[in-house]
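Order of the sequence lines fixes the chain letters, A, B, ..., with proteins taken first and strands second; residue numbering starts at 1 for each chain.
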Number of protein chains: 2
Amino acid sequence: MQLDEFDRKIIAALQEDARMPVAAIAERTALSATPVSRRLKRLEDEGLIRGYVPLLDERKLGFALDAYVLVNLDAHSDANIAGFEQAIADNPYVIACHAVTGDRDYLLHVIARDVEHLGQITLKSIVRTPGVRDVQSVIVLETIKNTRALPLE
Amino acid sequence: MQLDEFDRKIIAALQEDARMPVAAIAERTALSATPVSRRLKRLEDEGLIRGYVPLLDERKLGFALDAYVLVNLDAHSDANIAGFEQAIADNPYVIACHAVTGDRDYLLHVIARDVEHLGQITLKSIVRTPGVRDVQSVIVLETIKNTRALPLE
DNA sequence: TATGAAATAATATAGTT
DNA sequence: AACTATATTATTTCATA
């Protein structure tokens, strides 16, 4: 996938404001609206742009707690893995889940209303998923940086 | 901050596609375009919606490696903390950074082109920041889930 | 193959009720 | 909050480099 300088400028503009009108993007890129509209469609069709999302204030939505949860499975059977991944997919409080290297199997990013709610999510839901041996929560004390923007060199 | 059913539907629509036109949001919410436009502005002004970003395919942008990096400081002086946080703010490959509970001070989310690049970021940049004692990288093997969508109950 | 300009279609917002 | 009018924006068409 080859990106030229125009594509990068279009993406950079969207990273600032993904609802920016095509005409405004065109101004910044020294193009007219027509090619911007077409390039945007191409970037979407090629899957480089997967979609657009709002950045929401978690606290204002009632989620005061942000945590990372490390999970170990006790047996790595296909059934356990599939069941665990399904449980994760179904849990709306798990906003990200990665299989990782190191002495844990999975790293989850979880949001919760408060400590009690986090306990429910981890101890009542995640730990009770078949195949899950244990969980360990790391609670976010402060978010120093949280950009979804990617470098475009 | 009180959200009614209309606000929630507006946000839910944006979580599906943040570039969705106001008219399309209006259809889903059983409102006309005018109140959707006004509510949207209100949600932005109140800071519940902090902005809009594109979801980009990291791999297609050349970032094949996704890692979480755990960082310890060796002295928690104000100067060290401020210097570290500035270094994080300046590093475009660090897309998130949290101060966390547990035996590590910070949890960073880092993207890199490849293993060598990750080494550069962690060993040439992060570790050399004054006050940083050590770093430990957890490499993402597979991303099971990665939604930025928040539950709106 | 990709662009700009103009025309048309669609969309957003302000005024009014 | 809806309806209507106006302003803005997106996309298609077409000529051109």
Participant: Salt-bridged, Glu44(A) to Lys41(A), with N to O below 4.0 Å?
Facilitator: no
Participant: Rounded to the nearest angstrom, tell me the gap between atom NZ in Lys41(A) and atom P in dT9(D).
Facilitator: 22 Å
Participant: Write down the distance between CD (Glu44(B)) and P (dT13(C)), rounded to a whole number of angstrom.
Facilitator: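 Taking CD of Glu44(B) and P of dT13(C), I get 9 Å after rounding.
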Participant: Has Arg39(B) got a side-chain N or O lying under 4.0 Å from the OP1 or OP2 atom of dA1(D)?
Facilitator: yes
Participant: Please report, rounded to the nearest Å, how far the C1' atom of dA1(D) is from the CZ atom of Arg42(B).
Facilitator: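 Result: 13 Å.
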Participant: Tell me whether the OP1 or OP2 atom of dA10(D) has a side-chain N or O from Arg38(A) closer than 4.0 Å.
Facilitator: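 Negative; the distance criterion is not met.
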Participant: Return whichever of Pro21(B) or Phe6(A) has its heavy-atom-nearest nucleotide of DNA chain C closer to the 5' end.
Facilitator: Phe6(A)
Participant: Kindly point out which of dA12(C), dG4(C), dA2(D) is positioned nearest to the side chain of Ser37(B)?
Facilitator: dA12(C)
Participant: Check the distance between dT1(C)'s P and Gln2(A)'s CD and give it to me in whole angstrom.
Facilitator: 16 Å
Participant: Is it true that atom CD of Glu116(A) has more than 12 heavy atoms of other residues, nucleotides or ligands lying nearer than 6.0 Å?
Facilitator: no
Participant: Between dA2(D), dT11(D), dT13(C), which one does the side chain of Leu31(B) approach most closely?
Facilitator: dA2(D)
Participant: Please work out if Ala33(A) contacts a base, only the sugar-phosphate, or nothing of the nucleic acid, heavy-atom cut-off 4.0 Å.
Facilitator: base
Participant: Assess, by modelled atom type and distance only, whether the side chains of Asn146(A) and His98(B) contain a donor and an acceptor separated by less than 3.5 Å.
Facilitator: no
Participant: On the nucleotide dA5(C), are OP1 or OP2 found under 4.0 Å from the side-chain N or O atoms that Ser32(A) carries?
Facilitator: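 Result: no.
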Participant: Is Ile49(B) close to Leu14(B) at the side-chain level, that is, under 4.5 Å between some pair of heavy atoms?
Facilitator: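 Contact flag for Leu14(B)/Ile49(B) side chains = yes.
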Participant: Tell me the interatomic distance from Ile25(B), atom CD1, to dA10(C), atom C1', rounded to whole angstroms.
Facilitator: 15 Å
Participant: Do Thr34(A) and dA2(C) share a donor-acceptor pair, side chain to base, under 3.5 Å?
Facilitator: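 Absent.
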Participant: Could you state the atom-to-atom distance from CG of Asp4(A) to P of dT1(C) in whole Å?
Facilitator: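 Result: 16 Å.
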Participant: Mind calculating the distance between CG (Leu40(A)) and P (dT3(C)) to the nearest angstrom?
Facilitator: 13 Å
Participant: Check whether any side-chain heavy atom of Val53(A) lies under 4.5 Å from a side-chain heavy atom of Tyr52(B), and answer yes or no.
Facilitator: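 Sidechains of Tyr52(B) and Val53(A): no contact.
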Participant: Find the distance Glu27(A):CD to dA10(D):P and express it as a whole number of Å.
Facilitator: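 Glu27(A) atom CD is separated from dA10(D) atom P by 12 Å.
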